[in-house]
Amino acid sequence: MGVIHVILSRDMETPNNNQRGFWTSRLGFILAASGSAIGLGNVWKFPYITGQNGGGAFVLVYLVCILIVGLPIMLAEFTLGRRTNLNPVGAFRELSPKTPWVVIGFMGVLAGFLILSFYAVVGGWTLAYIVKSFSSAAVHFKSPQEAGEFFGQFIAEPEEVTFYHAVFLVMCVGIVIKGVHGGIEKACDILMPTLAAILLLLMVRSLTLEGAMEGVVFYLKPDFSKITPHVVLVALGQAFFSLSLGMGAMLTYGSYLPPEENLTSATVYVVIFDTLVALLMGMVIFPAVFAMGLEPAEGPSLVFSVLPTVFSSMPFGAVASFIFFVLLAIAALTSGISLLEVVVAYFIDQRGWTRKKAVLVMGGVIFLLGVPSGLSFGVLADFKPGGMTFFDHVDNLASNYLLPAGGMLTAIYVGFVWGPEAAQAEIERHETTFHWARAWAFLIRYVTPVAVLFVFLARIF
Ligand code: PHE
């Protein structure tokens, strides 16, 4: 029985390389990884938590977290991926066969599965708002309260929410089914530059509103008295989620890299792009919020209730709203496809499925799991085991437990088990000396795991 099992599982686990494919260009990889990083986390979450956590001071702490936690872990994930050319489960199994480290990979696949199930619900909301601004339904508000009510009514609507949720997933499935460079790379090649252009346009609009300067000051001038342990925790958690770290998404994207790729510079580019989009987004939101005399600490509804009020009062508001929600949907879509790719790569590599089967089956299962999340704001709003809705439970489990744990374990694994020397050898396989090797080894061994442990524990207690 044991022997048969070993033979069978070895057969099933042969990497299915012709179902995998590689990125065709360096830029393609960087845009795709940036597409994964840049998402609802930057465009929707970053501004509202910056607003809640004191503006400029929070931004400063966030930047430090990106530098000492985000950057080292991203390089570690890219390196593990390119070394093994495998999904997260396969990668740990190949480097450390028959050890419990493979758990990191399973946690990652599970996190991808769970995050996409609710991410697609919010992605669906953004699709709906594109349509609603087109028909001007979402751009006639006199106050943020009115816009908030409109939003609340919309997300309680079971058919509409489920319909857009399905549309969002069908779009992800359609891209991922075409494989890495046919689908994901091509889509990101077009989508990411469009996103940058749209953001710059909106920033100009926002900065030229009367009273915009007050928002710029709130956003950029740090008030150091606002830095508390809680602010640090929120900033670190956000760095994780925003850079798509801790679940093997970047590992998986790295696995499609040809060996001649320069990993360190790719890491720096992706981190800079992701951070720039978040920072730019703040420059779109805060000047507008202050120009309208609105509340920056509004919370998660900021995008969906406050911005439409801003658009309602602007000339060409419907156009601005349309552009903004197209942007948000694009960002969500390029992150959604990376979440789906982690799950799909596992079934292709480890289970020998074809890409088509993996994408269709998993897309369907993720949709079904997402349905109760989508209904959590309406029909299932009162179904709150343990005080949280279904949506909150899935989000909480994946984002607050699986991601930090996965990131911390990855850092420990690379720092102490696989070893910084082995990683450095992989990084230097086709490029000149990795000058920052010692600093990186120090960060990945001591700073990163301790910082993440700090976040992790603080969330439990
Ligand atoms: N980074 C994405 C965002 O900011 C979310 C994400 C998390 C994507 C983890 C993949 C993996 O929206």
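Both counts, for ligands and for their atoms, begin at 1 and track the order of listing.
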Between F442 and Y446, ring centroids under 6.0 Å = yes
request  = Verify whether the ring centers belonging to F46 and F241 lie closer than 6.0 Å.
outcome  = no
May I ask you to check if ligand 1 and [X] share an N or O to N or O distance below 3.5 Å?
| X | result |
| --- | --- |
| F241 | yes |
| G41 | yes |
| I38 | no |
| S338 | no |

inquiry  = Tell me if a side-chain donor or acceptor on Y219 pairs with a main-chain N or O of L279 at a distance below 3.5 Å.
reply    = yes
Side chain T334, main chain G35, donor-acceptor under 3.5 Å = yes
remark   = Under 4.0 Å between heavy atoms, the region of K45 that gets near ligand 1 turns out to be neither
ask   = Taking the minimum heavy-atom distance to atom 4 (O) of ligand 1, which of S335, G108, A37, A398 ranks first?
value = A37
May I ask you to list the atoms of ligand 1 that are less than 4.0 angstrom from any heavy atom of [X]?
| X | value |
| --- | --- |
| M247 | 9 (C), 11 (C) |
| N42 | 4 (O) |
| Y119 | 2 (C), 3 (C), 5 (C), 12 (O) |
| S242 | 1 (N), 4 (O) |

Anything under 3.5 Å between a donor and an acceptor, one on a side chain of residues 62-71, the other on a protein residue two or more places apart or in another chain? List them.
none

Qualifying residue for ring-ring contact (aromatic ring centres under 6.0 Å, His included) with W125, from Y164, F151, F118 = F151
ask   = Do V343 and L116 come within less than 4.5 Å of each other through their side chains, counting heavy atoms only?
value = no
ask   = Judged by modelled atom types alone, do D392 and S376 share a side-chain donor-acceptor pair under 3.5 Å?
value = no
query = Does at least one non-hydrogen atom of W44 fall below 4.0 angstrom from an atom of ligand 1?
reply = no
remark   = Looking only at protein heavy atoms, what sits closest to atom 6 (C) of ligand 1 is S244 OG, 3.7 Å
